[in-house]
Amino acid sequence: MELLKNKIVEEGIVLSDTVLKVDTFLNHQMDPFLMQEMGKEFAAYFADAGITKVVTIESSGIAPAIMAALHLEVPMIFARKRKSLTLQDGLLTAKVYSFTKQEENEISIADKFISEDDTVLIIDDFLANGQAAFGLMELVKQANAKVAGIGIVIEKAFQDGGKQLREQGVNVYSLARVSSLADNKVTFATEQIE
Ligand code: 5GP
């Protein structure tokens, strides 16, 4: 998606060979117009997949996910990273090791929000080693619902998550695929993955 790639080139900060900072439009300050366009793009790609729910993980997945849900005209649910006092029984839970925080979180969704009749689109901001995606898939599996695919804003194609998910037959659609962050530079993958 050209609009996103341009934004990454103009505003992204390469923190290391593996970490990209995009806090001017996605991870802290958010660009609502870009979020809306990304939501439209996800909705168009998954238009015929019979999606009934969009699922993401707090916090940076929420904006692209709500926009995708808006355009698909379905509800959006975000998995919580900490148990809240009001969220105790009836939970779907999975453990996720956070790439950026280097700590393990338990993520959870109230089981009343996903049922076996649901076809779920999972959305997240970044795809690195796939931990968040696999954790979210686990929650959907616990609900006996179906995963239609995964929509990612920025996939770091030099890390293993995308490969592992696609090898398992998961339809992963990334709006921007970064092939390298070496030499302080963002390089995009040129090959198309459908
Ligand atoms: P994974 O679970 O695929 O290993 O990592 C994805 C999660 O880690 C995303 O939810 C995102 O929050 C965070 N993440 C991974 N890599 C990056 C990165 O390069 N920059 C930022 N800002 N977040 C990242």
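Both ligands and their constituent atoms are indexed starting at 1 by order of listing. This one's a predicted model, so the numbers in the text were calculated from it and none came from an experiment.
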- prompt: Between the main-chain N or O of Gln131 and the side-chain N or O of Asn129, is there a donor-acceptor pair closer than 3.5 Å?
  reply: no
- request: Show your reasoning for whether side chain to side chain contact (heavy atoms under 4.5 Å, CB included) applies to Val54 and Val74.
  value: CA-CA 7 Å; Val54 174; Val74 298; 3.9 Å; yes
task: For residues 50-59, pull every pair meeting salt bridge (charged side-chain N to carboxylate O under 4.0 Å, His left out), keeping only residues two or more places apart or in separate chains.
output: Lys53-Asp118
query: Is the shortest distance from a Lys or Arg side-chain nitrogen in Glu10 or Lys7 to a carboxylate oxygen in the other one below 4.0 Å?
result: no
Validation: residues 134-150 side-chain donor-acceptor distances under 3.5 Å, sequence neighbours left out:
from   : atom 1 : to     : atom 2 : distance (Å)
Glu138 : OE2    : Gln142 : NE2    : 2.9
Gln142 : OE1    : Thr93  : N      : 3.1
Gln142 : NE2    : Thr93  : O      : 2.7

As a test of reading the model: which N/O atoms of the protein lie under 3.5 Å from N/O atoms of ligand 1, and at what distance?
from     : atom 1 : to     : atom 2 : distance (Å)
ligand 1 : 2 (O)  : Gln131 : N      : 3.1
ligand 1 : 2 (O)  : Ala132 : N      : 2.8
ligand 1 : 3 (O)  : Ala128 : N      : 2.8
ligand 1 : 3 (O)  : Asn129 : N      : 3.2
ligand 1 : 3 (O)  : Gly130 : N      : 2.7
ligand 1 : 4 (O)  : Asn129 : N      : 2.8
ligand 1 : 4 (O)  : Gly130 : N      : 3.4
ligand 1 : 10 (O) : Asp124 : OD2    : 2.8
ligand 1 : 10 (O) : Asp125 : OD1    : 3.2
ligand 1 : 12 (O) : Asp125 : OD1    : 3.4
ligand 1 : 16 (N) : Lys156 : NZ     : 2.7
ligand 1 : 19 (O) : Leu20  : N      : 3.0
ligand 1 : 19 (O) : Lys156 : NZ     : 2.9
ligand 1 : 20 (N) : Leu20  : O      : 2.7
ligand 1 : 22 (N) : Leu20  : O      : 3.4
ligand 1 : 22 (N) : Asn27  : OD1    : 2.9

message: I'd like to check the side-chain contact (heavy atoms from CB on, under 4.5 Å) partners of Asp111; sequence neighbours left out, ordered by chain and number.
response: Leu92
